[in-house]
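Only one structure is covered here, and it is reproduced in the block below.
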Amino acid sequence: MTLTTIREHRCFGGVQGTYTHPSRATGTDMRLSVFVPPQAAEGPVPALIYLSGLTCSDENFTTKAGAQRYAAEHGLIVVAPDTSPRGEGVADDAAYDLGQGAGFYVDAIREPWAPHYKMYSYVADELPELLAGAFPLRAGALGITGHSMGGHGALVIALRNPERFASVSALAPIVAPSHVPWGQKALAAYLGDDPELWRDYDTCELLAGRSFPGTILVDQGEADAFLAEQLQPQRLVDACAAVGQPLDLRMRSGYDHSYYFVATFVGHHVAHHAAALARPGAAE
């Protein structure tokens, strides 16, 4: 797999780049933004994948969150892929919460989504392989995080692939998509009406049968307009408690769902991943 460079900029001593590549998972060209810190000039460094939320692309986090400053301090590569396949012939929907920009990090099995909507396989399998071949990524030192729909994706992908992801966190994640309107709409469209098929993409359902070998970090704004209906973090608290999964949930007074919230706490998340990925076991 080869990357095509769209643009690169010097940033905090490193390089912020935007790239495209043909994806075997989605059958389309996929776009991603990658920050490579200055420490990478001296050898391989850990990497953190950030998954964005509904309506976003690779650019939202890259231009709004200010993560490059913290990534440069800690020596982390930060990767922001797109949220769905795009382009001519790719299925879409007029609603903001389905179709292009709303891939939900699942592998769709229903038409018209099945041919291209394979975002789970793209992030869990193809993207780590691509990064290892194109950037100075230290083997075994890969973390994953995300916001909202992307937080859902990060938690699910980490829980299902603990051998590949050594750290995980989320900002205002959808933790129980089987039980909230955003998730029920997307999972029914992409997977069908059988709730059993949804379990593999539901963090709280997954926790009933597995755990993550490390602390799950979550930040959640208490003034988030989606808190009660769509996010419901207490479900995650209960699911983690039931199986003894370490969880660090921080409820943030006055903060909403916006990128002002993300930008406020992204440094905290970068530091969490840097500490976890610096441990000897993360590189084994």
Minimum side-chain heavy-atom gap [X]-[Y] below 4.5 Å:
X: Leu127; Y: Pro81; result: yes
X: Leu48; Y: Val79; result: no
X: Ile49; Y: Thr145; result: no
X: Leu277; Y: Val45; result: no
X: Thr20; Y: Leu3; result: no
X: Phe265; Y: Arg252; result: yes
X: Val36; Y: Phe135; result: yes
X: Arg86; Y: Thr28; result: no

Check for a donor-acceptor pair, side chain of [X] on one end and backbone N or O of [Y] on the other, with a separation under 3.5 Å.
X: Gln39; Y: Ala72; value: yes
X: Thr215; Y: Leu217; value: no
X: Thr5; Y: Arg7; value: no
X: Tyr50; Y: Thr62; value: no
X: Thr83; Y: Ser57; value: no
X: Arg110; Y: Trp113; value: no
X: Gln230; Y: Phe226; value: no
X: Ser84; Y: Gly101; value: yes

Test log, rule side chain to side chain contact (heavy atoms under 4.5 Å, CB included), inputs Asp248 and Val218 | CA-CA 6 Å; Asp248 183 3; Val218 174; over 6 Å; no

Does the distance from a Lys or Arg side-chain N to an Asp or Glu carboxylate O, for Asp29 and Arg31, drop under 4.0 Å?
-> no

Least distance between heavy atoms, [X] atom then [Y] atom:
X: Asn161; Y: Ala124; value: ND2-CB, 3.8 Å
X: Phe35; Y: Cys11; value: CE1-O, 3.2 Å
X: Pro46; Y: Arg138; value: CG-NH2, 3.0 Å
X: Asp97; Y: Ala102; value: C-CB, 3.6 Å
X: Val266; Y: Ala263; value: CG1-O, 3.6 Å

Find the distance between [atom1] ([X]) and [atom2] ([Y]) and round it off to the nearest 0.5 Å.
X: Thr63; Y: Gln68; atom1: OG1; atom2: CD; result: 8.5 Å
X: Glu129; Y: Glu126; atom1: CD; atom2: CD; result: 7.5 Å
X: Leu187; Y: Ser178; atom1: CG; atom2: OG; result: 5.5 Å
X: Tyr70; Y: His269; atom1: OH; atom2: NE2; result: 12.0 Å
X: Gln220; Y: Asp224; atom1: CD; atom2: CG; result: 5.0 Å
X: Leu191; Y: Asp200; atom1: CG; atom2: CG; result: 9.0 Å

Do the ring centers of Tyr105 and Tyr120 come within less than 6.0 Å of each other?
-> no

Could you tell me if the ring centre of Trp182 sits under 6.0 Å from that of Phe104?
->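 That pair fails the under 6.0 Å test.
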
Parallel, tilted or perpendicular: ring planes of Phe261 versus His147, cut at 30 and 60 degrees = tilted

Identified side-chain contact (heavy atoms from CB on, under 4.5 Å) partner of Leu207 from the options Leu236, Asp202, Val175 | Leu236

Regarding [X] and [Y], is there a side-chain donor-to-acceptor distance under 3.5 Å anywhere?
X: Arg24; Y: Tyr122; answer: no
X: Ser167; Y: His273; answer: yes
X: His152; Y: Thr203; answer: no
X: Asp107; Y: Ser121; answer: yes
X: Glu8; Y: Gln16; answer: no

Using the side chain to side chain donor-acceptor pair (under 3.5 Å) rule, pick out the option among Asn60, Asp82, Asp58 that qualifies with Ser33.
-> Asp58

Taking it one step at a time, do Arg210 and Arg160 satisfy side chain to side chain contact (heavy atoms under 4.5 Å, CB included)?
-> CA-CA 8 Å; Arg210 69 188 77 195; Arg160 289 178 60 178; 3.7 Å; yes

Hydrophobic cluster membership, Leu171 vs Tyr260, 4.5 Å side-chain cutoff = no

Verdict with supporting geometry, Ile144 and Leu51, side chain to side chain contact (heavy atoms under 4.5 Å, CB included) | CA-CA 8 Å; Ile144 189 165; Leu51 304 181; 3.9 Å; yes

Within a reach of under 6.0 Å around CD of Glu111, are more than 12 heavy atoms found that belong to other residues, nucleotides or ligands?
-> yes

Taking it one step at a time, do Ser148 and His257 satisfy side chain to side chain donor-acceptor pair (under 3.5 Å)?
-> CA-CA 8 Å; Ser148 194; His257 199 72; 2.9 Å; yes

